[in-house]
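My questions all concern the structure below.
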Amino acid sequence: MTTYKFPENFWWGSAASGPQTEGRAAGDGKGESLWDEWYKLAPEKFFNEVGPEKTSQVYTKYKEDIQLMKETGHTTFRTSIQWSRLIPNGTGEVNPKAVAFYNDYINEMIEAGIEPFMNLYHFDMPWTLQEQGGWLNRKTVDAYVEFAKTCFELFGDRVKKWFTHNEPIVPVEAGYLYQFHYPEEINLKHAIQVAYHEALSSALAVKVYHEMELDGQIGIILNLTPSYPRDESNPEDVKAAAIADAFFNRSFLDPAVKGEFPSELIEIVKELDMVPEMQEDDLVVIKENTIDILGINYYQPRRIKAKESAVDHTHGPMPDDYFDVYDMPGKKMNPYRGWEIYEKGIYDILTNVRENYGNIPCYISENGMGVEGEEKYINELGVIEDDYRIEFVKDHLRYVHRALEEGSNCLGYHMWTCMDNWSWTNAYKNRYGFIAVDLAEDGKRTIKKSGRWFRTVSDSNGFDD
Ligand code: BGP
């Protein structure tokens, strides 16, 4: 038997986001976000036509939920402040009901001994700003910085871990390259401008936060998908993987931690004549305002081979002009989400951060497994026996442990997610939580087997195997 013991005060918890959990309540004063409006425009794009107003009702059930977090061993929990709830029009007036809600939510968590981590942007642009171009428009950067400042002023006395963005590459890929979020464009020039504005907004929020001297830390949460070449000994595969890595990982990791964009990417962007619009001093702001802490979301690796298929010119240049995705035979899959499961990836990321990013303090901010049809695992006591989830977490934690033994500065592990929640266009198709949510029974919560198991891990700060 091996005992996996984690460092003292290692953070055990989970992550969620405002738009995926809070839901709407009559008279809550929330403004419309991109998701609210997109759902109105195209409900058929959402699994079973379940929209964002029907998320897990955390807005009204948070007190009960915090008790369940406690019961499942949470010492920390990350969610996000919905911009469109706090500032319904994106700029201007603050919604007092949102202030009351977030204040109480935060206070209850602290009272329960759970440290709140707050993220500021989780794909949820206020609609009034989206109508003016969203992240394409420089004005959004200014509006975001005001929003961030407002959050720090209102909640920064109690929240000591802040994150500027969750997975900022997702609005780029999903909204402007591969059409899985609104506005579903395929336009690399726009994608680059959006990415640039997000990276800049993050540095500006870091600057404001540090200037306020609130005695906490601020970082960014990135979904780092390690790029593995099909064949390590084939220079063309290796080069293609490096380019994919620059596009999808280093595009945000390098400016956030090192204060500069990767030279490989700058070269490509210049060659394509797609240098984003910038203002004087922007790059100085990015250089001087790097993060204190890095959140790492890890679900799947990216397998890459040298470009073999013909370049598709239909929509102008694309990142995929430089590489092909490699469909590796025999890979382990989560069939419900269609994502490869490769546990060692988590170790490779932590090693990369240790070796190439100054071993910056970091933590696993998301990792998890979405499964469809979990009802079939319900036992006679009404509990979902999700042994596969326990195995998934253990398999990843072993690698986190190994990285720690080798000197990684990883401070904690957050599962995605606490309670089953609304997965964007997948709505409630795949369930990720330690706690089941029964939509047919007014969102009734039931702790799954994995939630009970996680409590034991948290209590003993590790597990035996
Ligand atoms: C991450 C997001 C989360 C969450 C999770 C699961 O990319 O930060 O918001 O949803 O992935 O993915 P999905 O919901 O697409 O199944």
Side-chain angles (χ1 to χ4, degrees), residues 13-23 33-35 38-39 45-48 50-52 54-56 58 77-83 117-125 163-175 177-182 184 198 202 219-226 248-249 252-253 294-302 333-341 345-346 349 363-374 386 388-389 392-393 396 413-435 437:
S14 67
S17 77
Q20 292 176 274
T21 56
E22 290 171 9
S33 75
L34 170 162
W35 294 95
W38 191 27
Y39 178 68
K45 298 215 161 157
F46 295 77
F47 186 77
N48 282 345
V50 175
K54 298 218 183 84
T55 56
S56 316
V58 164
F77 174 69
R78 187 248 306 188
T79 186
S80 71
I81 293 174
Q82 281 199 80
W83 187 350
F117 293 13
M118 270 302 172
N119 172 41
L120 295 172
Y121 191 81
H122 203 124
F123 318 159
D124 56 332
M125 184 62 65
F163 296 92
T164 58
H165 288 260
N166 173 81
E167 303 188 348
I169 193 73
V170 168
V172 177
E173 303 178 292
L177 292 173
Y178 306 116
Q179 297 184 294
F180 54 99
H181 289 183
Y182 189 85
E184 303 178 273
E198 285 188 291
S202 179
I220 195 165
I221 291 168
L222 302 178
N223 49 325
L224 298 176
T225 44
F248 298 109
N249 297 321
F252 286 99
L253 182 60
L294 175 69
I296 298 165
N297 292 356
Y298 176 64
Y299 291 90
Q300 56 171 341
R302 190 175 251 111
M333 291 295 290
N334 168 359
Y336 310 101
R337 189 61 182 83
W339 286 346
E340 181 183 345
I341 298 175
I346 209 164
I349 297 172
Y363 81 111
I364 302 302
S365 42
E366 283 183 34
N367 176 227
M369 192 186 185
V371 172
E372 192 172 358
E374 285 200 312
D386 53 345
Y388 42 86
R389 183 166 288 109
F392 179 98
V393 176
H396 285 83
Y413 176 89
H414 280 188
M415 242 279 285
W416 183 271
T417 184
C418 180
M419 293 179 321
D420 290 345
N421 68 27
W422 186 77
S423 278
W424 316 107
T425 56
N426 274 333
Y428 282 87
K429 175 180 170 287
N430 304 314
R431 306 300 181 101
Y432 282 89
F434 281 136
I435 300 164
V437 170

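Heavy atoms only: backbone and side chains are in, while hydrogens, waters and symmetry mates are out. For ligands, and for the atoms within them, numbers begin at 1 and follow the listed sequence. We're numbering straight along the sequence, starting at 1.
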- So, do S423 and N430 sit near enough that their side-chain heavy atoms are less than 4.5 Å apart? no
- Query: Mind checking what makes ring-ring contact (aromatic ring centres under 6.0 Å, His included) contact with F248, not counting sequence neighbours?
  - Reply: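 Here no residue qualifies.
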- Message: Would you say Y388 and E374 are linked by a side-chain donor-acceptor pair, where the criterion is simply a distance under 3.5 Å?
- Response: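 A pair is found: one side chain offers a donor N or O, the other an acceptor, under 3.5 Å apart.
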- Message: Checking P171 now: which residues fulfil side chain to side chain contact (heavy atoms under 4.5 Å, CB included) with it, not counting sequence neighbours?
- Response: Y121, F123, E198
- Has ligand 1 got any nitrogen or oxygen that is less than 3.5 angstrom from a nitrogen or oxygen of N166?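 Yes, at least one N or O pair falls under 3.5 Å.
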- Short list, please: which atoms of ligand 1 are under 4.0 Å from a heavy atom of E167? 1 (C), 2 (C), 7 (O), 8 (O)
- Message: Could you tell me if the side chain of M415 sits less than 4.5 Å from the side chain of R389, heavy atoms only?
- Response: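 Result yes, sub-4.5 Å side-chain heavy-atom pair found.
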- Query: Out of W424, Y336, Y432, whose heavy atom sits nearest atom 16 (O) of ligand 1?
  - Reply: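 When every heavy atom of W424, Y336, Y432 is considered, Y432 comes closest to atom 16 (O) of ligand 1.
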- Task: Note the single closest protein heavy atom to atom 14 (O) of ligand 1, along with its residue, its atom name and the distance in Å.
- Result: S423 OG, 2.7 Å
- Nearest protein heavy atom with distance in Å, relative to atom 5 (C) of ligand 1: Y299 OH, 3.4 Å
- Within a distance under 4.0 Å of any heavy atom of H122, pick out the atoms of ligand 1 and give their elements. 2 (C), 3 (C), 8 (O), 9 (O)
- Can you list the atoms of ligand 1 that are under 4.0 Å from a heavy atom of R337?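 This gives 13 (P), 15 (O), 16 (O) as the contact atoms.
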- Could you establish whether N430 and ligand 1 come within less than 4.0 Å of each other, counting only heavy atoms on the residue side? no
- Item | Contact check, side chains of D420 and S56, non-hydrogen atoms, under 4.5 Å | no
- Is the distance between the ring centroids of H414 and F117 under 6.0 Å?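 Yes, they do, as the ring centres are separated by less than 6.0 Å.
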- Report yes or no: does W339 have a heavy atom closer than 4.0 Å to ligand 1? yes
